[in-house]
Amino acid sequence: MGKKAKPDAAGCPCGLGGAYAACCGRYLGADGAPAPTAEALMRSRYTAYARGDEAYLLASWHPSTRPQALDLAADAGVVKWLGLEVLATEAGGAADAEGVVEFSARYKVGGKAERMRERSRFLREDGRWFYLSGELS
């Protein structure tokens with residue numbers, strides 16, 4: 001895919017260029033719509049990490065692999081998410097039951113620039129995508 005995401009103050013952290021409310025914001029929150037594709041879910045989860053939205057991250061995690069809790073509060077002020085690039089997608093469309101999204105995310109920890117690359121697996125059940133697992137590389 002090769003779409004680079006560079007968050008800006010007015011835009012969505014996923015970097016597609018739209019305003020938060022019209023982009024990932026429509027999926028986050030108690031009344032959020034289901035993400036239509038695995039890539040949309042992955043981008044919204046990146047946005048949730050950037051915004052510290054633990055509830056959304058847990059709700060969008062498949063129950064078979066979901067942790068009991070996250071502690072993003074410990075990361076507040078320490079981790080700053082800088083950008084996202086989708087490197088590849090496999091399946092994960094509106095009619096698929098499974099999908100894979102490979103991405104690279106840039107962030108800073110204590111002022112030091114870091115990069116993570118992950119190949120994430122997603123499942124769609126009852127019309128809703130869930131994050132299943134990921135392999136870091």
Side-chain angles (χ1 to χ4, degrees):
M1 303 258 21
K3 295 179 187 171
K4 289 190 178 184
K6 295 179 182 172
D8 61 60
C12 185
C14 87
L16 282 179
Y20 169 74
C23 194
C24 293
R26 61 189 160 168
Y27 310 126
L28 280 72
D31 297 328
T37 65
E39 181 179 343
L41 181 65
M42 188 280 308
R43 287 183 177 279
S44 68
R45 286 177 54 84
Y46 172 87
T47 296
Y49 273 106
R51 295 172 60 90
D53 189 339
E54 291 181 17
Y56 180 78
L57 290 166
L58 291 170
S60 62
W61 211 310
H62 194 269
S64 69
T65 58
R66 178 188 305 140
Q68 287 191 341
L70 297 173
D71 188 12
L72 297 185
D75 294 341
V78 178
V79 177
K80 180 177 181 178
W81 294 96
L82 302 173
L84 173 69
E85 180 179 4
V86 173
L87 303 171
T89 60
E90 297 172 19
D96 295 317
E98 297 181 7
V100 174
V101 179
E102 186 173 350
F103 67 93
S104 175
R106 295 179 306 105
Y107 60 99
K108 279 188 178 181
V109 177
K112 182 180 179 207
E114 302 282 347
R115 182 180 302 264
M116 67 171 279
R117 184 172 176 159
E118 182 175 311
R119 184 173 168 83
S120 299
R121 292 181 49 223
F122 298 87
L123 292 178
R124 188 169 63 87
E125 294 180 349
D126 298 323
R128 184 174 288 273
W129 283 101
F130 292 93
Y131 170 78
L132 182 65
S133 64
E135 279 184 36
L136 296 173
S137 59

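Computed over heavy atoms, backbone and side chain alike; hydrogens, waters and symmetry mates excluded.
- L132 and F130 are assigned to two separate hydrophobic clusters, defined by single-linkage of ILVMFWY side chains at heavy-atom distances under 4.5 Å.
- Under 3.5 Å, the side chains of Y131 and S120 contain no donor-acceptor pair of N or O atoms.
- In this structure, D96 contributes its side chain and G99 its backbone to no donor-acceptor pair below 3.5 Å.
- C24 contributes atom SG, which lies 8.0 Å from atom CZ of R26 (distance to the nearest 0.5 angstrom).
- L41 is not listed as a side-chain neighbour of P34, based on a closest heavy-atom distance of 4.5 Å or more.
- A 4.5 Å side-chain heavy-atom check between S60 and F122 finds every atom pair outside the cut-off.
- Using a distance-only test at 3.5 Å, with no hydrogens or angles considered, a donor-acceptor pair links the side chain of R45 to the main chain of L57.
- At a threshold of 4.5 Å between non-hydrogen side-chain atoms, the residues M116 and E118 count as touching.
- Here the closest non-hydrogen pair linking L84 and F103 is CD1-CD1, 3.6 Å.
- Taking CZ of R117 as the reference point, atom CZ of R115 lies at 9.5 Å (rounded to 0.5 Å).
- The distance from atom CD of E54 to atom CH2 of W61, rounded to the nearest 0.5 Å, is 10.5 Å.
- For the pair C23/C14, a side-chain contact is recorded, criterion being any heavy-atom separation below 4.5 Å from C-beta on.
- Here the closest heavy-atom approach between residue S44 and residue Y27 is recorded as CB-CD1, 4.0 Å.
- No donor-acceptor pair closer than 3.5 Å links the side chain of R128 to the backbone N or O of E125.
- Rounded to the nearest 0.5 angstrom, L28 CG and R51 CZ are separated by 7.0 Å.
- In this structure a side-chain-to-backbone donor-acceptor pair under 3.5 Å is missing from R119 to E135.
- Taking hydrophobic clusters as Ile, Leu, Val, Met, Phe, Trp and Tyr residues chained together by side-chain heavy-atom distances below 4.5 Å, V100 does not share a cluster with W129.
- Ring orientation note: the planes of W81 and Y49 are tilted relative to one another, at an angle of 30° to 60°.
- Atom-to-atom distance recorded for E114:CD and K80:NZ is 15.0 Å, nearest 0.5 angstrom.
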From CA spacing to verdict: side-chain contact (heavy atoms from CB on, under 4.5 Å), T47, Y20:
CA-CA 9 Å; T47 296; Y20 169 74; 3.7 Å; yes

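- Taking a cutoff of 4.0 Å between a charged side-chain nitrogen and a carboxylate oxygen, E98 and R121 do not qualify as a salt bridge.
- In this structure, the side chains of V101 and R43 stay at 4.5 Å or more apart for every pair of heavy atoms.
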